[in-house]
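The block underneath contains the structure these notes are about, expressed in structure tokens.
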Amino acid sequence: CNHNLISQACLTNQQFYQYITNITIKLLIQQGIMPGHAKVALFGMSFKPNVKDTRHSLAINLYHSLQQLGVDVIACCPLSHLSIPDLNWSDFESLPACNAIILCQAHKEFLDLGTTELNHKITKNGIIIDIPNAFSTKKFRKDLLYFTL
């Protein structure tokens, strides 16, 4: 029984990134942004908040899933930056304005960002997808779509 439970939990975790991919594409289209022309930043590429370890990170699967759909994906992670050389990395300061930001891990560095700083990194009618529900108390521009699980 334990083996089945563990197998099912692993399968659920592996399918989660596909769920977020589908939500992202749906929300982009809803906001009038074609996925093939979209720029999306993933915040937090590690396995869990405030650690560098990227082993078993679903954010990496999400990165590749979005990329396969033609989305220009940028990895932004102050802790594990450049740990996977084949990803398109940017630090927050150099990050261009994106159509969407997906908060994958609630690293302290992201939580400490002010609303003004975040607003400047998102284009008009952009999207914030807050997987860990860490930005729910922040006030974003009226034209931005905020989504959390």
Main-chain N/O of Ile84 paired to Trp89 side chain as donor or acceptor, under 3.5 Å: yes

From Asp130 atom CG to Cys104 atom SG, the distance as rounded to the nearest 0.5 Å: 10.0 Å

Those residues that, when tested against Asp143, pass side chain to side chain donor-acceptor pair (under 3.5 Å) (two or more places apart): Arg141

Backbone of Ser136 reached by a side-chain donor or acceptor of Tyr146 within 3.5 Å: yes

Main-chain N/O of Lys108 paired to Asn50 side chain as donor or acceptor, under 3.5 Å: yes

Those residues that, when tested against Ser94, pass side chain to side chain donor-acceptor pair (under 3.5 Å) (two or more places apart): Asp91

Atom pair CG (Leu27) and CG (Asn125), whose distance is rounded to the nearest 0.5 Å: 12.5 Å

Side chain Glu109, main chain Pro78, donor-acceptor under 3.5 Å: no

Atom pair CG/CD1 of Leu28 and Ile33 - distance to nearest 0.5 Å: 5.5 Å

Nearest-0.5 Å distance that lies between atom CD1 in Ile60 and atom OG1 in Thr54: 4.5 Å

Atom pair OH/CG of Tyr17 and Asn22 - distance to nearest 0.5 Å: 10.5 Å

NE2 (His64) with more than 12 external heavy atoms under 6.0 Å: yes

Donor-acceptor pair between Thr148 and Asn133 side chains, under 3.5 angstrom: yes

N/O donor-acceptor pair under 3.5 Å between Lys138 side chain and Leu113 backbone: yes

Any donor-acceptor N/O pair, Gln105 side chain to Phe47 backbone, under 3.5 Å: yes

Donor-acceptor contact below 3.5 Å, side chain Ser65 vs main chain Asn61: no

Short side-chain to backbone donor-acceptor contact, Lys39 and Val71, under 3.5 Å: no

Value rounded to 0.5 Å, distance of CG in Leu66 from OG1 in Thr21: 4.5 Å

Side-chain donor or acceptor of Ser57 paired with backbone N/O of Met45 under 3.5 Å: yes

Qualifying residues under ring-ring contact (aromatic ring centres under 6.0 Å, His included), relative to Phe110, sequence neighbours excluded: Phe43, His107

